[in-house]
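Comments concern the structure below.
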2 protein chains.
Amino acid sequence: METLNAAELLAALGHESRLSIFRLLVEAGPEGLFPGAIGEKLGLPAPTLSFHLSHLTRVGLIRGQKESRFIRYSAEYATMDELIAFLTSNCCQGEACLPKTAACDTIAKRRNPGADVSGDTPAACCKPNE
Amino acid sequence: METLNAAELLAALGHESRLSIFRLLVEAGPEGLFPGAIGEKLGLPAPTLSFHLSHLTRVGLIRGQKESRFIRYSAEYATMDELIAFLTSNCCQGEACLPKTAACDTIAKRRNPGADVSGDTPAACCKPNE
DNA sequence: TCCATAATTCTATTATTATAGAAATATGGA
DNA sequence: TCCATATTTCTATAATAATAGAATTATGGA
């Protein structure tokens with residue numbers, strides 16, 4: 001992922017309404033939700049909601065699929081995954097930088113399958129990453 | 001982390017110059033960089049750079065420390081960590097959603113220490129998360 | 001066919017953010 | 001002290017994004 005593309009995704013999520021929409025869809029799982037339900041839950045007028053849904057769709061963070069009169073929106077997990085991989089790549093020069101995220105543990109583990117990674121203190125992370 | 005705060009962080013990163021600045025600092029590690037070096041590397045005029053540095057500082061993604069005539073900026077990894085934890089919490093209803101990120105593996109592993117998490121296919125993730 | 005409804009697109013307005021020159025501030029060295 | 005330089009703050013302007021009413025489109029049901 002390139003910087004420009006990542007910035008686009010981040011900007012799309014960098015708005016309270018859109019972030020809320022996205023998280024509703026992330027939590028809803030693959031079944032997703034219809035705009036009606038989202039709008040009701042978040043209290044957004046239909047045109048405003050539509051504006052944000054199309055923004056999120058354009059950048060590839062969600063996707064909408066027509067179903068008779070409705071449009072079922074769902075999160076595109078793969079896009080989110082790539083974004084987080086981008087953010088955490090080449091980080092921190094060997095410091096333990098992302099204990100809550102826990103991605104680092106797994107990366108360390110894959111590099112050295114015998115290591116114990118089940119504790120709370122993560123190994124150094126992310127150095128020779130993709 | 002609350003949605004509003006997360007949106008602020010994402011918006012701060014959702015600008016190509018700021019994202020580039022942040023990533024330079026992430027890669028620079030705890031030693032950080034001075035604005036001069038950043039500006040030169042990214043080709044940004046000093047006032048523009050300063051504007052973005054103060055934005056990133058205000059939201060807590062970086063921090064600046066005066067050192068004689070210079071100001072040493074460095075990434076605040078903890079903030080990034082919390083942001084990613086927020087983004088990946090309560091996701092995907094048991095689907096395997098973030099294989100590249102790899103956070104899911106570790107979360108699964110912590111839940112069930114005997115599991116093998118070293119392969120490329122992550123376990124279901126993130127369900128009863130913080 | 002006609003209506004109710006889901007959702008979008010059109011539109012104008014408002015609000016916010018980015019840009020970078022000019023001026024200001026602060027520090028160390030000559 | 002005086003100057004060069006790092007960085008910021010001030011300022012005006014330009015660019016972009018958000019909001020939501022009104023109009024439009026599409027679908028299923030009466």
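Because only heavy atoms are used, hydrogens play no part in the values below, and waters and symmetry mates are left out as well, while side chains stay in. A note on names: the letters A, B, ... follow the listed sequences, proteins ahead of strands, and every chain is numbered from 1.
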#### Entry: Options C:dA7, D:dT27, D:dT7, nucleotide nearest the side-chain atoms of A:Phe34
C:dA7

### Query
Closest to the A:Arg69 side chain: C:dA4, C:dA18, D:dT7?
C:dA4

#### Entry: Residue pairs fulfilling side-chain hydrogen bond (donor to acceptor under 3.5 Å, both in side chains) with at least one residue in residues 34-53 of chain B, sequence neighbours excluded
B:Arg18-B:His52

### Message
In this structure, would B:Phe70 and B:Ile38 fall into the same cluster of hydrophobic residues linked by side-chain contacts under 4.5 Å?
### Response
no

### Sorted by number, the residues of residues 12-20 of chain A with heavy-atom contact under 4.0 Å to DNA chain D
A:His15, A:Arg18

### Summary
Side-chain contact check for A:Pro35: nearest option of D:dA6, C:dT27, C:dA7 is C:dA7

### Query
Is the number of heavy atoms from other residues, nucleotides or ligands under 6.0 Å of B:Glu67 CD greater than 12?
yes

### Message
Going by the rule salt bridge (Lys or Arg N to Asp or Glu O under 4.0 Å), which residues pair with A:Arg58 if we only count those two or more places apart in sequence or in a different chain?
### Response
none

### Query
Is it true that the NZ or CZ of B:Arg23 lies under 6.0 Å from the centre of A:Phe86's six-membered ring and within 45 degrees of the ring axis?
yes

### Same apolar cluster: A:Leu13 and A:Phe51, side chain cutoff 4.5 Å
no

### Message
Please convert DNA chain C into dot-bracket. A pair counts if it is Watson-Crick or G-U wobble with both distances under 3.5 Å; crossing pairs go in [ ] and bases paired with another strand get |.
### Response
||||||||||||||||||||||||||||||

#### Entry: Donor-acceptor contact present, side-chain A:Tyr73 to main-chain A:Phe22, <3.5 Å
no

### Task
Give the C-alpha distance, both sets of side-chain angles, the deciding distance and a yes or no for side chain to side chain contact (heavy atoms under 4.5 Å, CB included) between B:Leu56 and B:Leu25.
CA-CA 11 Å; B:Leu56 288 167; B:Leu25 292 177; 5.8 Å; no

### Message
In this structure, how many angstroms lie between the C1' atom of C:dT8 and the CZ atom of A:Arg58, rounded?
### Response
16 Å

### Summary
Between A:Tyr73 and B:Glu67, the residue closer to the 5' end of DNA chain C by nearest nucleotide is A:Tyr73

### Task
Please state whether the phosphate of C:dT27, meaning OP1 or OP2, lies under 4.0 angstrom from any side-chain nitrogen or oxygen of B:Lys66.
yes

### Task
Could you tell me the separation between the CZ atom of B:Arg72 and the C1' atom of D:dA6, rounded to a whole number of Å?
14 Å

### Message
At a heavy-atom distance below 4.0 Å, what parts of residues 36-54 of chain B sit against DNA chain D?
### Response
B:Gly36, B:Ala46, B:Pro47, B:Ser50

### Summary
side-chain contact (heavy atoms from CB on, under 4.5 Å) filter on A:Arg63, not counting sequence neighbours, yields A:Ser74, A:Glu76

### Task
Figure out the CD1/P separation between B:Ile71 and C:dA26, and round it to whole Å.
12 Å

### Task
Working to the nearest 0.5 Å, report the span between CG of A:Leu10 and CG of A:Leu61.
9.0 Å

### ILVMFWY network linking A:Leu53 to A:Leu42, side-chain heavy atoms under 4.5 angstrom
yes

